[in-house]
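All heavy atoms count here, side chains included; hydrogens, waters and symmetry mates do not. In the text below, chain A, chain B and the rest are named by the order of the sequence lines, each starting its count at 1.
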Amino acid sequence: MRTHLTAIAIVAALLSTSVVVHAQDAAKPDAAKSDVAKMDQAKPAGDESDSDCDGGTLQLIECIGAKTQPWDKRLNAAYKSALADARPEQRNALRAAQRAWITYRDANCEYYNLGEGSLSRVEVADCDFRMTRDRAKELENGSGIN
Amino acid sequence: MVECLAAKAARRDKRMTIAYQRALRAGEQKQRDQLRVAQRLWIQYRDANCLYYMFGEGTIARVESADCTHRMTKQRAEELEGKEDRN
């Protein structure tokens with residue numbers, strides 16, 4: 001069990017490190033970059049929150065949170081790109097839709113928070129992951145519509 | 001095509017309504033209130049999101065907007081059906 005938890009902690013640490021390294025990538029292209037690229041190829045932003053995540057409640061929440069981060073970055077990038085590509089009359093509609101999405105996401109995930117037991121906190125993290133991933137995917141596809 | 005998508009969306013809509021009512025019944029009072037709030041906000045989000053597609057270029061925009069409603073209703077039905085199991 002202990003070994004298992006340690007493995008999870010390492011995965012979580014790797015995931016968060018990969019995000020940090022990513023941010024520095026553009027400014028500092030060096031040998032480390034190809035390693036990161038290889039790592040990214042091996043482990044693209046996961047589609048499922050629970051793959052590779054295991055352990056106790058806290059470990060699970062941390063692990064799912066780390067998996068949400070790359071999707072959050074993709075969502076922000078896709079939103080900006082969709083805004084830039086939008087026709088002028090579409091722009092306000094997209095801004096309104098994104099505001100509505102945020103309000104809905106918060107209310108929807110709060111619903112899971114009110115569930116019974118410690119599992120509810122894992123479900124909140126999972127809700128946040130799922131919604132961020134799905135919205136990122138939609139905006140990534142939708143930005144090619146125009 | 002738009003009519004066909006609308007008919008499909010109506011079936012999904014019915015499926016979602018059933019799942020929503022079941023999830024409502026399954027939850028505790030606090031959860032019930034929160035689910036009602038979330039569902040109202042989902043409707044606002046769905047309308048705002050599909051309106052965005054409606055403003056797209058050409059006649060395809062109407063198809064995309066109808067497809068948006070269909071897709072979102074299906075996704076929400078699936079999520080609510082999952083909630084039934086969790087409660």
Chain B interface, residue from A93(A), S120(A), A96(A) that has the most non-hydrogen pairs under 4.5 Å: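 With the most close heavy-atom pairs to chain B, the winner is A93(A).
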Among the listed options N92(A), T103(A), D134(A), the residue most often paired with chain B at heavy-atom distances under 4.5 Å: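 Highest number of pairs under 4.5 Å: T103(A).
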Carboxylate-amine/guanidinium proximity below 4.0 Å for [X] and [Y]:
X: E138(A); Y: R135(A); answer: yes
X: E81(B); Y: R22(B); answer: no
X: R32(B); Y: E28(B); answer: no

Listed partners of E89(A) passing salt bridge (charged side-chain N to carboxylate O under 4.0 Å, His left out), at least two apart: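 For E89(A) the salt bridge (charged side-chain N to carboxylate O under 4.0 Å, His left out) partners, ignoring immediate neighbours, are R87(A).
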Region of R71(B) in contact with chain A, defined by heavy-atom distances below 4.5 Å: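 Interface part for R71(B): side chain.
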